[in-house]
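Quick notes on the structure that follows.
Every heavy atom of this structure was used, including side-chain atoms; hydrogens, water molecules and symmetry mates were not. All ligand and atom numbering here is 1-based and tracks the order in the structure. Here the structure is a predicted model, which is why all the values come from computation and not from measurement.
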Amino acid sequence: MKNILVIGSTGQIGSELTMELRRRYGNSQVIAGYVTGAEPKGELKESGPSAIVDVTDCDAIESTVNKYHIDAIYNLAALLSVVAESKPALAWKVGIDGLWNVLEVARKCKCAVFTPSSIGSFGTETPHVKTPQDTIQRPHTMYGVTKVTTELLSDYYHMKYGVDTRSVRFPGIISNVTPPGGGTTDYAVDIYYAAVKGETFVCPLREGTLMDMMYMPDALNAAISLMEVDPSHLKHRNSFNITAMSFSPEVIYATIKKYVPDFRMVYEVDSLKQSIADSWPDCLDDTCAREEWGWSPKYDLDTMTVDMLEKLKAKFNK
Ligand code: AKB
């Protein structure tokens with residue numbers, strides 16, 4: 001990867017991935033693609049080039065790729081699971097019509113492409129414990145439908161046209177820079193903000209609801225390491241199971257309480273979020289990622305909690 005375009009650079013993952021790629025490859029080598037209304041700000045804006053790249057506009061993608069001699073695209077444009085249920089047409093347009101545009105440009109301009117999939121690509125019929133790499137994928141959400149399609153279309157472009165497509169199935173990503181918006185796993189970010197602000201956290205999921213999670217530094221490392229690995233090591237491409245931890249609301253609450261003893265949580269179950277979470281795995285088996293490209297997370301729930309609380313306390317002067 002010499003010149004990289006990040007589509008969706010101002011989102012939860014994009015904002016931190018763009019900065020990490022700039023640290024590793026050089027500021028001028030990484031273009032922050034954004035849509036009108038979600039312009040880069042602060043360090044993201046100042047540290048390197050940016051361009052308006054709406055994933056639904058094929059010409060805009062192609063002209064940016066040509067202008068900056070791009071050879072790798074991180075395509076992060078997508079609606080998250082809860083919001084995709086209320087805007088299914090938009091979820092398809094951004095997630096799949098957009099992906100089609102990215103893959104077509106990649107085919108013509110010979111770019112590698114990373115497009116994340118998710119634990120949301122699985123459904124109720126999938127084995128929920130130690131979910132295998134290759135298993136049933138019959139999701140009942142629009143988000144899941146777009147993610148399975150993402151995996152299939154990305155594999156198709158690799159098999160048919162030789163486009164270097166690679167992907168991981170992200171679990172819930174926990175971060176302290178840009179908030180996520182409209183996901184089922186967002187509660188695991190929101191709970192830290194509530195703890196640091198001294199608020200009672202209203203948990204939208206039932207006790208015992210297990211889902212895979214990961215701290216942002218591990219997620220960034222996964223996306224970059226997979227794109228850097230020698231392709232001869234890859235038996236799979238789209239998409240690898242990866243995980244760092246699996247917990248339920250009462251477990252993350254108890255972990256935070258070790259450091260913020262006065263913290264309080266109450267339950268007010270959101271039926272849509274609960275039904276989505278119930279259809280997703282409890283914990284993934286990520287052996288293939290470990291074996292094929294050396295995936296190994298650094299953070300567990302405890303070390304992540306210490307870091308999250310420290311960063312958020314600094315952010316809110318607490
Ligand atoms: C969501 O909750 O929608 C996302 C995901 C797990 O893909 N964070």
Just need the protein heavy atom nearest to [atom], so name the residue and atom and give the distance.
atom	result
atom 3 (O) of ligand 1	Ser81 OG, 2.6 Å
atom 2 (O) of ligand 1	Thr184 N, 2.7 Å
atom 8 (N) of ligand 1	Thr185 OG1, 2.9 Å

TODO: Name the orientation class of the two ring planes belonging to His236 and Phe240 (parallel below 30°, tilted from 30 to 60°, perpendicular beyond 60°).
DONE: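 Correct class here is perpendicular.
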TODO: On the 0 to 90° scale, with breaks at 30° and 60°, tag the Tyr74-Phe114 ring pair as parallel, tilted or perpendicular.
DONE: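 Tyr74 and Phe114: tilted rings.
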What atoms of ligand 1 come within less than 4.0 Å of a heavy atom belonging to [X]?
X	answer
Trp280	1 (C), 2 (O), 3 (O), 6 (C)
Gly183	1 (C), 2 (O), 3 (O)
Ile119	6 (C)
Ser118	5 (C), 6 (C), 7 (O)

Task: Cation-pi check, Lys298 onto Tyr215 ring (under 6.0 Å, within 45° of axis) - done: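 The answer is no; the distance or angle limit is not met.
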Task: Sidechain N-carboxylate O distance under 4.0 Å for Glu310, Lys313 - done: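 Here Glu310 does not pair with Lys313 in a salt bridge, since their nearest N and O are not under 4.0 Å apart.
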Open item on the list: Under a 4.0 Å threshold between the charged nitrogen and the carboxylate oxygen, would Arg169 count as salt-bridged to Glu151?
Closed with: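 A salt bridge is present here (some side-chain N lies under 4.0 Å from a carboxylate O).
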TODO: Indicate whether any N or O donor in one side chain lies under 3.5 Å from an N or O acceptor in the other, for Ser154 and Ser167.
DONE: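 Note: Ser154 and Ser167 side chains miss the donor-acceptor criterion.
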